[in-house]
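For clarity, every value in this text was computed on a predicted model and none was experimentally measured.
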Amino acid sequence: MTAHPALRLSDRIAELLSDPANAPTAWTSRPQWPQSLAHGAPGIALLHIERAAAGRGQWEPARAWLMVAASTPVTRGADSYLYYGAPALTHALACAAQGRPGSYHNALAHLDDAVAADAVRRCERAEERIARGNLPALAEFDTIRGLAGIGAVLLSRAPEGEAIRRVLTYLIRLTEDIKHDGEVLPGWWTADGPSGQPDPRFPGGHSNNGLAHGIAGPLALLAVALRRGVEIEGQRAAIRTILAWLERWRDGHAWPYWITRENLTGPDRRPLAPQRPSWCYGTAGVARAQQLAATAIGDHRARHDAETALATALLDPKALAATTDVSACHGYTGLAHIAYRAASDASPRNAARLRSAVALLLDTTHPPHTDPDEQARNLLDTAGPAFLEGAAGTALALLAPATDTTPATPWDACLLTA
């Protein structure tokens, strides 16, 4: 098996990020740097953990970056979430422990307790909100800041535990309709705008469809749990409810980022303009969540539709033209990783199309005759080392598709793509 040349870019980024002592103060001086999976040390550690577990690198850089991540008191409680604080460090350490069985046992035991206790408290607050008949905030349930993301950590660490069952129970309730201002809305409808703050452009709130901040995140967690044999009453029905909602708004091979009250009641029921097919909001994230869900419940038609939409979007020059960077969050490498993951679950015909998309995306990420050192340094200068939008995530997302090898650790559980 010959690796794709884009692997040289991944390797060079890892080399440039091998030593925390060389990190510029412009990065390390940020208060959230040690504990931010999205922007700081845990995300860089995750890159080196996966490389070491896959036999592409040494464990020393992973240990060094984990020491940075643990260098300050770990944030717990309401200010922590999958991408910051205790859940972020738990995810990184758990991936390291899988690569090196028996390591970090004591630290993970304490973190597991903290994450589970916080998840239960969040569920309690969410249940109280439901009982009052109020609409949720995106940060209550989404992947980045909410219970879908925290649930991904719990599912990995304690799939038989009470905390993950509480999270799944809450997410099932989230799919129940809610009556607000005299109108029946889906239970995940939020009164705020996509930023999570009040927004005059969204006077009636909105339903967010994205995998990062919308209902595709809960769908993915419900589906991944079911695929792993973790099931509670109502889980399959909740999956079908979300699938039906997304199918209602699908326009060919794309979905709108969000639905407004005007979209619900006005003549414009297809609010979609050309948008990038990214992990965070676009077709890649939504279609992968639907593929996981349809596979989990045995819905072959829905699985075929999701795979077809994903492959079509990733092979469509007009759709790809909306993508302008190489990041894991909304760039070419994130798309390549999702396409690679989706191909492993796809029907033979769609798997072949998705593998073609992977090759195209890798060529786009690292065109022929491109200097990997120059490209890596430029990426670090312009985008920084971040996991979601910068160099570390780019290097990490390249590994599986460029080597045609399943990840050695569940690093992408934090993306809810597997």
Side-chain angles (χ1 to χ4, degrees), residues 1 4 6 209-211 216-217 219-224 226-228 236 239-240 242-256 272 274-323 328 330-365 397-407 412-413 415-418:
M1 180 185 67
H4 191 279
N209 289 336
L211 184 51
L219 175 64
L221 181 66
L222 290 165
V224 172
L226 187 57
R227 281 164 58 102
R228 296 183 188 176
R236 292 172 185 265
I239 288 172
R240 291 189 180 95
I242 303 171
L243 284 174
W245 171 266
L246 292 171
E247 178 60 22
R248 172 182 175 183
W249 296 103
R250 180 166 65 91
D251 187 1
H253 59 255
W255 287 261
L272 185 62
Q275 295 169 313
R276 58 191 178 192
S278 55
W279 166 76
C280 51
Y281 269 104
T283 294
V286 175
R288 177 56 174 164
Q290 289 185 88
Q291 184 198 33
L292 290 168
T295 303
I297 63 173
D299 188 331
H300 300 297
R301 182 196 61 78
R303 191 199 76 179
H304 173 78
D305 289 348
E307 293 166 3
T308 301
L310 177 58
T312 301
L314 297 185
L315 292 169
D316 178 2
K318 290 183 179 179
L320 281 182
T323 301
H330 45 250
Y332 298 118
T333 61
L335 299 179
H337 181 79
I338 291 174
Y340 182 81
R341 280 294 204 181
S344 66
D345 292 318
S347 66
R349 180 175 181 273
N350 280 323
R353 296 183 70 209
L354 287 165
R355 286 193 290 270
S356 295
V358 168
L360 171 65
L361 290 160
L362 291 175
D363 287 343
T364 306
T365 297
L398 280 171
L399 287 175
T403 60
D404 192 17
T405 305
T406 301
D412 57 348
L415 300 175
L416 278 174
T417 53

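Side-chain contact between N350 and L310 is absent, with no heavy atoms from C-beta onward closer than 4.5 Å. Residues L226 and I239 meet the side-chain proximity criterion, which asks for heavy atoms closer than 4.5 Å. Side-chain contact check for L243 versus I297: some heavy-atom pair is nearer than 4.5 Å. Inter-residue side-chain proximity for P407 and H337 is flagged as met; some heavy-atom pair is nearer than 4.5 Å. The closest side-chain heavy-atom distance from L219 to L211 is not below 4.5 Å. Here the side chains of W279 and I338 are in contact, with some heavy-atom distance below 4.5 Å.
Remark: side-chain polar atoms of N209 are paired, donor with acceptor, to backbone N or O of P256 under 3.5 angstrom. In terms of modelled atom types and a separation under 3.5 Å, the side chain of D299 and the main chain of A302 share a donor-acceptor contact. A donor-acceptor distance shorter than 3.5 angstrom exists from the side chain of Y340 to the backbone of D404, with no hydrogens or angles considered. T405 places a side-chain N or O within donor-acceptor distance of the main-chain N or O of T403, the cut-off being under 3.5 Å. Without hydrogens or angle criteria, W255 side chain to V286 main chain gives no donor-acceptor distance under 3.5 Å. Using a distance-only test at 3.5 Å, with no hydrogens or angles considered, no donor-acceptor pair links the side chain of R276 to the main chain of S278.
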### Query
Passes salt bridge (charged side-chain N to carboxylate O under 4.0 Å, His left out), D345 versus R227? Steps please.
CA-CA 12 Å; D345 292 318; R227 281 164 58 102; 3.5 Å; yes

### Message
Would D363 and H4 count as a side chain to side chain donor-acceptor pair (under 3.5 Å) here? Give the steps.
### Response
CA-CA 9 Å; D363 287 343; H4 191 279; 2.7 Å; yes

### Query
Yes or no on side chain to side chain contact (heavy atoms under 4.5 Å, CB included) for H253 and D316, after CA distance, side-chain angles and deciding distance?
CA-CA 10 Å; H253 59 255; D316 178 2; 3.3 Å; yes

Sequence neighbours left out, cut at 3.5 Å: what donor-acceptor pairs do the side chains of residues 353-361 make with other protein atoms?
unit_1	atom_1	unit_2	atom_2	d
R353	NH2	T312	OG1	3.3
S356	OG	A352	O	3.2

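The nearest pair of heavy atoms linking A343 to A351 is O-CB, 3.6 Å. The two residues T283 and A254 make their nearest non-hydrogen contact at OG1-CA, 3.3 Å. Residues A223 and A296 approach most closely at O-CB, 3.7 Å, considering heavy atoms. Across all their heavy atoms, P277 and A319 have their closest contact at CD-O, 3.5 Å. For L320 against L314, the heavy-atom pair with the smallest separation is CD1-O, 3.2 Å.
For the atom pair CG of L416 and CG of L292, the computed distance is 9.0 Å after rounding to the nearest 0.5 Å. For the atom pair CD of Q291 and OG1 of T308, the computed distance is 10.0 Å after rounding to the nearest 0.5 Å.
Scanning for salt bridge (charged side-chain N to carboxylate O under 4.0 Å, His left out) contacts around R303 gives E307, with sequence neighbours left out. With sequence neighbours excluded, no residue satisfies salt bridge (charged side-chain N to carboxylate O under 4.0 Å, His left out) with R228.
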